[in-house]
Protein chains: 2
Amino acid sequence: MTTTNDLPGADLAGDAPLPGNRSRDALRAAQMYYLQDLTMNAIARELRTSRSTVSRLLSMARATGLVQIQVNNPSDRAPALEQQIRRRFGVEAHVVPVADSISDSEVLDRVAIQAARTIGPLMDSNAIIGVAWGSTLSAVSHHLTRKQTHDSTIVQLNGAGNTQTTGITYASEILRRFGQAYGARVEQFPVPAFFDHAATKTAMWEERSVRRILDLQQRMTMAIFGVGSIGSGIPSHVYSGGYLDREDLETLETDEVVGDVATMFFRADGSHRDILLNARSTGPDLDQLRTVSRRICVVSGESKINGLRGALAAGLATDLILDEGSARRLVHA
Amino acid sequence: MTTTNDLPGADLAGDAPLPGNRSRDALRAAQMYYLQDLTMNAIARELRTSRSTVSRLLSMARATGLVQIQVNNPSDRAPALEQQIRRRFGVEAHVVPVADSISDSEVLDRVAIQAARTIGPLMDSNAIIGVAWGSTLSAVSHHLTRKQTHDSTIVQLNGAGNTQTTGITYASEILRRFGQAYGARVEQFPVPAFFDHAATKTAMWEERSVRRILDLQQRMTMAIFGVGSIGSGIPSHVYSGGYLDREDLETLETDEVVGDVATMFFRADGSHRDILLNARSTGPDLDQLRTVSRRICVVSGESKINGLRGALAAGLATDLILDEGSARRLVHA
DNA sequence: AACCTGATTGCACAAACGTGCAGACGGGTC
DNA sequence: GACCCGTCTGCACGTTTGTGCAATCAGGTT
């Protein structure tokens, strides 16, 4: 082909420059491209613009949630792994296919993209969404696709401050992106991840500013979180980021903690009674978390397997999004 | 580009040739392509196959309904035309964007594609779908995308025989395609479009074989039909295809008929009382049709505008899929 | 009017994609 | 074993799509 690109001599019969033209064109283009199978060139002619503009209109249509693409495995014959996980652990599994040859950070990225797209369709109006923070959630938040909703709220699940920073910029970035993608209010939780003294927590928990957040958490319709894991390979953010001192880490060990969800710790059997640190943690009580009707856990990387097992034993999740490698480890052992 | 195509030296580490490999790969490919934004080349590497195979896997995934693409106009700021139609006529309108420069048959084709894709997501298990026949429905039936359902039934809305043929091959092809796309049973209605004598209809309507179909029609959860139109330009199939003789056409005129749905006629004001031909027609009683909870009317081409107005006045449709030109004519007059 | 600044456009090129074709494979038949 | 026929594969090629860049436009400021 000799690069007879774009439109040759159009743009002579100008369309009225109507208001809101941009997004109207995006909708038209999307309909013609995805519903009528026209090529971008054909669409460009009908829209009296250049093909490259159509390409951009379409990518805008995708980014703003105007176009939604779903991949649904006909549940009756879903991949074996997902079925096994559902049977063994009682959660709806979404296994992200990845070759085992790729790097951990790439796996995280791909799990995050797919998680973001899986969450999208579940997002609803009038929802109250609890969101944790951490490297997993951060990755997810970068790939959310827009979807307009009314009267929904994003609420932070646990404080993010530590001894060095208030953690606000990090956690709030995550929340902000969620809020923006879904057109939702954002409610931050401006407390440290852990109090130094359990008594301070008790006191703060009586404050009305805090109770407002706790109240929202109680009414959550959906919660989204990763897991932290102790004991195999790389420790998660919480265990190395200045949130806990040496003494804390020792008590975790004596309490036989294997992991955490939103800085609330649990043991391999799923129990969380009498784990000292939880009395100072600002995460949601795990019994309360279990009352939320949709609880989505995102996990990437096999180093999290111990924490994940604990979380599953505790029944913290209703939906589990994880990479294929971890899924395999989970069932084959 | 120097055509550095497809994978250079793969296919040495063979994967196990598992059963059902094909559709599993299609699912994996679809997830990686649509959910993770990998290129087909990258997918080919992970799947240990060639890029072209991935391309084919993906088009298979789309064709079998594994991937579903939706374009949703955020109803609050839907295109003006759709809003006006909804207000004026009380139906949910889906306007198919087409430039006014293209030919009638092309318009029909594009309306049909978009109609097929619009119907797809509405299709459900345990549904009983009534389907009419005619050039519009025929076009739609060619573009249905597969979607597996359980225990659903496609039932023919009106007989298709005429004096020359039993009409079976034509109408049944349409039904067959619907049935195949949705994995549904197909129930044909083996009667002529019109009886010569109303008495024959009365008699036949008591036959158990016919009652079975009528019973299904009574329990329809969805109906899909076009409209026939008299009086402007090209007459529809029914008016020229050997179904009616001159005398019949004359009675239609004296009865002030403007169009039909599934060979049941109505006037411009939507009424259908005392239209003689209806007593001999095998289409569903219009009062009964109105009890179906979802009634989708597909219209392409401005020549149908008169019939369409009548059908809307009669309140026959809950959803209307039509081309932009007709939509404009509909509101601007 | 002159000037800046950010958004938007079309172009040119490179990357990604779809598909006709010929060869390879599989399994049934003579 | 030889043969046939339908299916699947990779290749080559042409087509379609994404994107950096420079020119242009819109609207606000000096």
Side-chain angles (χ1 to χ4, degrees), chain A residues 1-64 66-67 69 113 143 145, chain B residues 1-64 66-67 69 71 113 145:
Chain A
M1 202 183 88
T2 49
T3 315
T4 314
N5 241 331
D6 292 313
L7 77 174
D11 200 19
L12 17 136
D15 251 8
L18 290 169
N21 228 344
R22 184 87 193 185
S23 75
R24 192 217 316 291
D25 280 358
L27 176 61
R28 285 178 69 99
Q31 288 177 308
M32 296 197 265
Y33 190 78
Y34 289 106
L35 299 180
Q36 299 177 15
D37 286 343
L38 300 189
T39 72
M40 294 187 182
N41 240 317
I43 297 172
R45 275 195 300 276
E46 299 208 1
L47 251 44
R48 297 191 149 70
T49 178
S50 76
R51 190 191 52 76
S52 20
T53 298
V54 174
S55 169
R56 286 188 265 253
L57 282 175
L58 287 173
S59 76
M60 171 187 154
R62 285 187 298 262
T64 56
L66 229 153
V67 173
I69 301 183
I113 300 186
H143 297 288
T145 52
Chain B
M1 196 182 83
T2 49
T3 317
T4 314
N5 242 331
D6 293 314
L7 78 173
D11 201 17
L12 20 135
D15 249 9
L18 290 170
N21 228 344
R22 183 88 192 180
S23 76
R24 192 218 315 294
D25 279 358
L27 176 62
R28 284 178 68 99
Q31 288 179 309
M32 295 197 267
Y33 190 78
Y34 288 107
L35 263 22
Q36 298 178 15
D37 286 342
L38 300 189
T39 71
M40 294 188 181
N41 242 319
I43 297 172
R45 275 195 299 277
E46 300 207 0
L47 251 42
R48 299 189 146 71
T49 180
S50 75
R51 189 190 54 75
S52 20
T53 298
V54 173
S55 170
R56 285 187 265 255
L57 282 174
L58 286 174
S59 77
M60 170 187 154
R62 284 187 300 262
T64 57
L66 228 153
V67 173
I69 300 183
V71 176
I113 301 187
T145 52

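Everything numeric here is computed off the predicted structure, so don't read it as measured data. Numbered from 1 within each chain, the chains take letters A, B, ... in sequence-line order.
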Separation of Met60(B) atom CE from dC8(D) atom P, in whole Å?
9 Å
Looking only at the side chain of Arg51(B) (C-beta and beyond, no hydrogens), which of the listed nucleotides dG18(C), dC11(D), dC11(C) gets closest?
dG18(C)
Think Thr49(A) has a side-chain N or O under 4.0 angstrom from the OP1 or OP2 of dG10(C)?
yes
Per atom distances to the Arg56(A) side chain, the nearest of dG10(D), dG10(C), dA12(C) is dG10(C)
Are any of the side-chain heavy atoms of Leu47(B) and Leu57(B) separated by less than 4.5 Å?
yes
Rounded to whole angstrom units, what separation is found between the CG atom of Asn41(B) and the P atom of dT17(D)?
18 Å
Measure from CG on Leu57(A) to C1' on dG10(C) and round the result to the nearest Å.
13 Å
Closest non-hydrogen atom pair, Met60(A) against Ala26(A)
CE-CB, 4.3 Å
At 4.0 Å (heavy atoms only), tell me whether Thr53(A) reaches a base, stays on the sugar-phosphate, or touches nothing.
sugar-phosphate
Side chain to side chain contact (heavy atoms under 4.5 Å, CB included) against Leu38(B), all qualifying residues, sequence neighbours excluded:
Arg110(A), Met32(B), Gln36(B), Ala42(B), Ile43(B), Glu46(B)
Measure CZ/Arg62(B) against P/dC17(C) and give the value in whole Å, please.
10 Å
I need the Leu27(A) CG to Gln31(A) CD distance, nearest 0.5 Å.
4.5 Å
Note, Leu66(A) side chain near Val71(B) side chain (heavy atom, < 4.5 Å)
yes
Can you measure Leu47(A) atom CG to dT8(C) atom C1' for me and round it to whole angstrom units?
15 Å
Listed in order of residue number, which residues of residues 31-40 of chain B have a non-hydrogen atom at under 4.0 Å from DNA chain C?
Tyr33(B), Thr39(B), Met40(B)
Nearest-0.5 Å distance that lies between atom CZ in Arg51(A) and atom CG in Asn41(A)
6.0 Å
Report yes if at least one side-chain N or O of Ser55(A) is closer than 4.0 Å to OP1 or OP2 of dG18(D); otherwise report no.
yes
When you measure from the side-chain N and O atoms of Ser52(A) to the phosphate of dG10(C), is any distance below 4.0 Å, counting only OP1 and OP2?
no
Residues that Arg56(A) engages under side-chain hydrogen bond (donor to acceptor under 3.5 Å, both in side chains), provided they are two or more places apart:
none
